[in-house]
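Report on one structure; see the data block that follows.
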Protein chains: 2
Amino acid sequence: MKCPLNYTMGLIGTKWKPLILFHLLDGGLRSGILQRKIEGISNKMFTQTVRELEKDGLITRTIFPVVPPKVEYKLSKRGQSLESILRSLDKWGLQDSEINN
Amino acid sequence: MKCPLNYTMGLIGTKWKPLILFHLLDGGLRSGILQRKIEGISNKMFTQTVRELEKDGLITRTIFPVVPPKVEYKLSKRGQSLESILRSLDKWGLQDSEINN
DNA sequence: TAACTATATTACTTTTAAGTAAGTTATTGT
DNA sequence: ACAATAACTTACTTAAAAGTAATATAGTTA
């Protein structure tokens, strides 16, 4: 009895992916800015994670040919479709932590 | 800028937790039945995961003193509060996989 | 020409997650 | 007395995730 939830978790079921997607909800950000918003992430994991999100078509990556380089990440249409889920997860955390901590 | 989503992911951000919670949405199940619904999970991971969910107060564990043993898991109130999120994740997977596969 | 910038990549190590297979418990039916 | 049962538990191994630190790039400015 495989359920679609398996599929969803295969795409976004990691420590960092939902966080990165969440921080792009209000619009595209350049790489460094986005990375600084994700507290605790290492440089390696940041790059690795955004690459996977790009490969899976959840975000887009735009390179501006300037020096020093400028790279912007933003949600794709597919990534946008996770908006209400991401906001719900965040909201749940807020409410739950008020009750249980 | 820490966001509550971090907290949420700390509680349910693993491979198996959302699956287990999801399969309890329609009511409590005894251990063996629940485990058989989670395809691909090993015995060890099943026990380990339900124990963590119990420790975090997302599910309850009821032991019936019979032989052979009977143990029932069900969502706690706190676990129930994840219902709409879990169903949304499942629904998203269904819709997304229809589009992208 | 050397330092500075933003974005990444690589090699290496550590940590955590997960899997395998065998063993435990306590009673009931044979 | 011993096999069957459901629900674990344990020791051990393997695989995956994550961290650290050094390095690359290539124009710009001091």
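Numbered from 1 within each chain, the chains take letters A, B, ... in sequence-line order. What's counted below: heavy atoms across the whole structure, side chains too, no hydrogens, waters or symmetry copies.
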How many Å lie between [atom1] on [X] and [atom2] on [N], as a whole number?
X        : N       : atom1 : atom2 : answer
Phe46(B) : dT10(D) : CZ    : P     : 17 Å
Asn43(B) : dT9(D)  : CG    : P     : 10 Å
Glu72(B) : dA6(D)  : CD    : P     : 16 Å

For [X], which contact category applies under a 4.0 Å heavy-atom criterion: base, sugar-phosphate, or nothing?
X        : value
Thr47(B) : base
Tyr73(A) : sugar-phosphate
Arg36(A) : nothing

Response to the item:
At a 4.0 Å cut-off to heavy atoms of chain A, the contacted part of DNA chain C spans dT5(C) to dA11(C)

Quick one: does [X]'s side chain get under 4.5 Å of [Y]'s, heavy atoms only?
X        : Y        : value
Leu29(B) : Gln35(B) : no
Ile33(B) : Lys37(B) : yes
Leu11(A) : Arg78(A) : yes
Lys74(B) : Leu24(B) : no

Worksheet, complete the sentence: Interatomic distance, CZ@Phe22(B) vs CG@Leu89(B), rounded to 0.5 Å, equals 9.5 Å

Item to complete: Mind checking the CG-CD1 spacing from Leu53(A) to Ile59(A)? Nearest 0.5 Å is all I need.
Response: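 Here the rounded value is 4.5 Å.
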
Worksheet item: Hey, are Lys77(B) and Asp96(A) close enough for a salt bridge, meaning a charged N less than 4.0 Å from a carboxylate O?
Response: no

Discussion item. Is there a side-chain contact between Arg61(B) and the phosphate of dA7(D), meaning an N or O under 4.0 Å from OP1 or OP2?
Written reply: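 No, Arg61(B) has no side-chain N/O under 4.0 Å of OP1/OP2 on dA7(D).
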
Fill in: Of the listed nucleotides dA7(D), dT9(D), dA26(D), the one nearest the side chain of Val67(A)
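When the side chain of Val67(A) is considered, dA26(D) is the closest of dA7(D), dT9(D), dA26(D).
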
So which protein N/O to nucleotides 12-19 of chain D N/O distances come out below 3.5 Å?
residue : atom : partner  : partner atom : Å
dA18(D) : N7   : Lys44(A) : NZ           : 3.2
dG19(D) : N7   : Lys44(A) : NZ           : 3.3
dG19(D) : O6   : Lys44(A) : NZ           : 2.6

Worksheet item: Is there a path from Trp92(B) to Leu25(A) through hydrophobic residues (I, L, V, M, F, W, Y) whose side chains come within less than 4.5 Å of each other?
Response: yes

Atom pairs and distances, donor-acceptor, side-chain atoms in residues 61-73 of chain B, under 3.5 Å, two or more places apart:
residue  : atom : partner  : partner atom : Å
Arg61(B) : NE   : Tyr73(B) : OH           : 3.2

